[in-house]
Amino acid sequence: MSTDISRYTITAALPYANGPVHIGHLAGCYLPSDIYARYLRKNDKELIFVCGTDEHGAAINMKAQSEGAQPREIVDRYHDIIRNSLDQVGISFDIFSRTSKEIHHKTAQDFFKTLYDKGSLEEKVTQQYYDEEAGQFLADRFIMGECPNCHFGEAYGDQCENCGTSLSSTELINPKSRLSGSAPVLKETKHWFLPLDHLSGKIKDYIQSHKNWKPNVYGQCMSWLDAGDGLQARSMTRDLDWGIPVPLDDAEGKVLYVWFDAPIGYISATKELKGEAWTDWWTKDDTKMVHFIGKDNIVFHCIIFPAMLMEHGGFHLADEVPANEFLNLEGKKISTSRNWAVWLHEYLEDFPGQEDVLRYVLTATAPESKDNDFTWNDFQTRNNSELVAILGNFVNRVQVLMQKYYEGEVPQPSTLSDTDQAALKEIEEAPALIGESLEKYRFREALSRMMNVARLGNKYLADQEPWKVIKNDPERAATILYVATQICAQLSQMMEPFMPFSAEKLRTNLGLESLGWNDCAKQEFLAPGMIVKAGGHLFTKVEDEVINAQKEKLEASNTAEAEPSYEALKGEIQFEDFLKLDLRVGTITKAEKVKKADKLLHLEVDLGFEKRSIVSGIAQHFDLEDLPGQKVSVVVNLAPRKLRGVLSQGMILMAEDSEGNLKFTATPEDMPNGSVIR
RNA sequence: GGCGAGGUAGCUCAGUUGGUUAGAGCGUCGGAUUCAUAACCCGGAGGUCACGGGUUCAACUCCCGUCCUCGCUACCA
């Protein structure tokens, strides 16, 4: 199957240009894709490795708004930071473009136009919030209001950041425009949707023809396809002034939905790189298309994007989507908003010249099959006891011995012993072994197999003891050093995809060129007479102070951001409004879980004059057995409502902090049920 | 609640279609060694493979149930 591949199109998820990239992004997609690309290049494969910043969407607009800057300034700033940091850590894109470029705008518009002309898009008029002061429609992100779920006052129109619920802006209570602060009005607006239901069969066939995909990827796709209500039509346009204009006459003020244009960014970057020949990389079936992404992007790359391509027609769909899970940091989820992250550009400043250490550690600990944890202690251990002690040490030993005994000149071997031949055989087999792992996207396994070459070297030296042998049998010592040098040379080649900087340093010391991967199998790397330089240490120890400093930095930046947020004040009301509320003291007499709902409790509350059934979303905050006997304050004249089929005749007053923790408001124990609260 | 992915030595992970004493790296303990960044090399200890059933001559591996973690999704007046 892999025999007739003529070229590879390798993509890495487009980083969103509203912030820098962190180690989670690196471990999740940039490092694996880079290792893969470097490996293929070393195999002399024809390939392109494309990426670029994703620069549209409401979040960019929002960020600009909050900084009083233009979107352009934001994306320029982060494009530069992202591009430079990825470049410095050695991610070898053939092109790192950006979606704000002319060529991308045209490509995305043409794509949209094709779908439109084919009649693939459905026009729908919907009601959307409009800011009359600002004179424009408001994207969900631009509307803030009270979350209907947790009543957090600063929920966004698409999601409440407090309780995490996905919302639609029309659900918000007291919505406010973030542009002008005024109350938005609902107005009709037209959008273009891509129906997906008729494609579900084709998409399912497509996914099912890739059962070899990683379980997390395949599983999530099938789960989506099998979901009860099928594939919903997706709106491909938005009312926004930052983005790619919809290329239709009656679409003023409308732009393409960022999720529509972003993946097309892969295509336009290819065009930018290859010109007319771009079609080879996107339409031919002898092209292997590999998308490297994080798990948050699975559905998009495996279902929505392929659906777009299918509908458009003529495209070759992704062959592999090796999505990684998430990387946690010191036991906690990486969070941009809480500043719980190790930012790549900061690492590069704090650890100059140690790009490969980060590459090594993140590859060794990459969340290939499940979420994984990055800790600074682990970083230190892997550096000190793997990179320094095993790899760096072996390389150094060989170089030192070579200088000491032969002034760096590779000696002439005499008869090779069985162990010598076994060692040489092992390094001959290394490329195939490591390559096999890489082709299966098992990067951590590949890395460990590479390290085994260094382990082999250390063992070989320990067993052969050239420093002893040389005293009585110089000829034998020469053979040993010859073999050790070959191992070292192979290492310099095999390291290359993973640790390109150190690999080059080592190769330079050895006076070697970068060789083809398969050429490394049968090869006398260093012929007798060649000169090996002294070198110096490939890696240096990372001391405790450095690690502690990083931990402190992390904690410090985190707490700085963890201030409590206060819910927005509501508008003034009149005394009469207040009088409408009927609040009473009650006692919970029964509590049970509502079936098929994680958060709901069905409570019975004794109000003195009667007992009421009340449903409350507090299940995750209390133990059932603690509730009976609890005095509570109850809104008793709220219109009854059914929740998950259970009647709720009132609402219990709760206090909630900014983290979403709930407690009952204090109600005096000695007040009888039914007492009025005012 | 539904769906998906996980739960294997102190830590991070492998375990192919079920088959003899469950593996690796790191850590730890002991030994050996000195060419080497107190590094390397050898050896030991350490696991009722989340838990409970079942199928089988045989299960970490298959089936059912339960618990826990992560993700998507529903519910939160």
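By convention in this document, chain letters (A, B, ...) are assigned in the order of the sequence lines, proteins followed by strands, and residues within each chain are numbered from 1. Hydrogens, waters and symmetry mates play no part in the numbers below; they use all other heavy atoms, side chains included.
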Rounded distance in Å between the C1' positions of rC51(B) and rG6(B): 16 Å
Check: N377(A)/E330(A) side-chain N/O donor and acceptor closer than 3.5 Å: no
D420(A)-Y460(A) side chain donor-acceptor pair, cut-off 3.5 Å: yes
R455(A) versus N458(A), side-chain donor and acceptor atoms under 3.5 Å: no
CG-CG distance between N396(A) and L506(A), expressed to the nearest 0.5 angstrom: 11.0 Å
Centroid separation Y360(A) to F498(A) less than 6.0 Å: no
C1' gap between rU34(B) and rC40(B), integer Å: 9 Å
P atoms of rC26(B) and rG43(B), separation to the nearest Å: 13 Å
Under the 3.5 Å Watson-Crick or G-U criterion, the dot-bracket string of RNA chain B, with | for inter-strand pairs: (((((((..((((.....[...)))).((((.........)))).....(((((..]....))))))))))))....
Distance between C1' atoms of rU17(B) and rC62(B) (Å, rounded): 12 Å
Annotated protein contacts, base or backbone, on nucleotides 10-16 of chain B with a non-hydrogen cut-off under 4.0 Å, one of B, S, - each: --SSSS-
Distance-only side-chain donor-acceptor flag, N216(A) / K370(A), under 3.5 Å: no
Nearest-Å distance for atom pair CD1/P, residues I614(A) and rC76(B): 16 Å
Integer-rounded Å distance: rC72(B) C1' and Q220(A) CD: 6 Å
Distance, rounded to the nearest Å, where N324(A) contributes CG and rA5(B) contributes P: 17 Å
Side-chain N,O (K593(A)) to OP1/OP2 (rG1(B)) below 4.0 Å: no
Side-chain H-bond candidate by donor/acceptor type, S200(A) with D197(A), under 3.5 Å: no
Touch class at under 4.0 angstrom, heavy-atom based, for E386(A) against every strand present: sugar-phosphate
P atoms of rG15(B) and rU8(B), separation to the nearest Å: 14 Å
Whole-Å gap separating C1' (rG4(B)) and CD (E325(A)): 10 Å
Rounded distance in Å between the C1' positions of rA22(B) and rG47(B): 8 Å
Salt bridge present between K295(A) and D371(A) (N-O < 4.0 angstrom): yes
Test item: N383(A) side-chain N/O and T540(A) main-chain N/O as donor-acceptor pair under 3.5 Å: yes
Nearest-Å distance for atom pair CE/P, residues M451(A) and rG25(B): 12 Å
Annotated protein contacts, base or backbone, on nucleotides 28-39 of chain B with a non-hydrogen cut-off under 4.0 Å, one of B, S, - each: ------SBBB-S
Results of side chain to side chain donor-acceptor pair (under 3.5 Å) for E465(A) - residues two or more places apart only: K468(A)
Side chain of K295(A) (C-beta onward), nearest among rG27(B), rG71(B), rC75(B): rG71(B)
Atom pair distance, as rounded to whole Å: OH in Y460(A) and C1' in rC41(B): 15 Å
Nearest-Å distance for atom pair CD/P, residues Q380(A) and rG27(B): 11 Å
Pair K440(A) + E445(A): basic N to acidic O under 4.0 Å: no
Euclidean distance for C1', rG71(B) against rA36(B) (whole angstrom): 47 Å
Show me the side-chain donor-acceptor pairs of residues 297-307 of chain A shorter than 3.5 Å, one per line, residues at least two apart or across chains.
| residue | atom | partner | partner atom | Å |
| --- | --- | --- | --- | --- |
| H301(A) | ND1 | N297(A) | O | 3.2 |
| H301(A) | NE2 | Y266(A) | OH | 2.7 |

Rounded P spacing from rU21(B) to rA59(B) in Å: 11 Å
Separation of atom CE in M450(A) from atom C1' in rG25(B), rounded to whole Å: 13 Å
Contacts of type salt bridge (charged side-chain N to carboxylate O under 4.0 Å, His left out), residue E610(A), not counting sequence neighbours: R612(A)
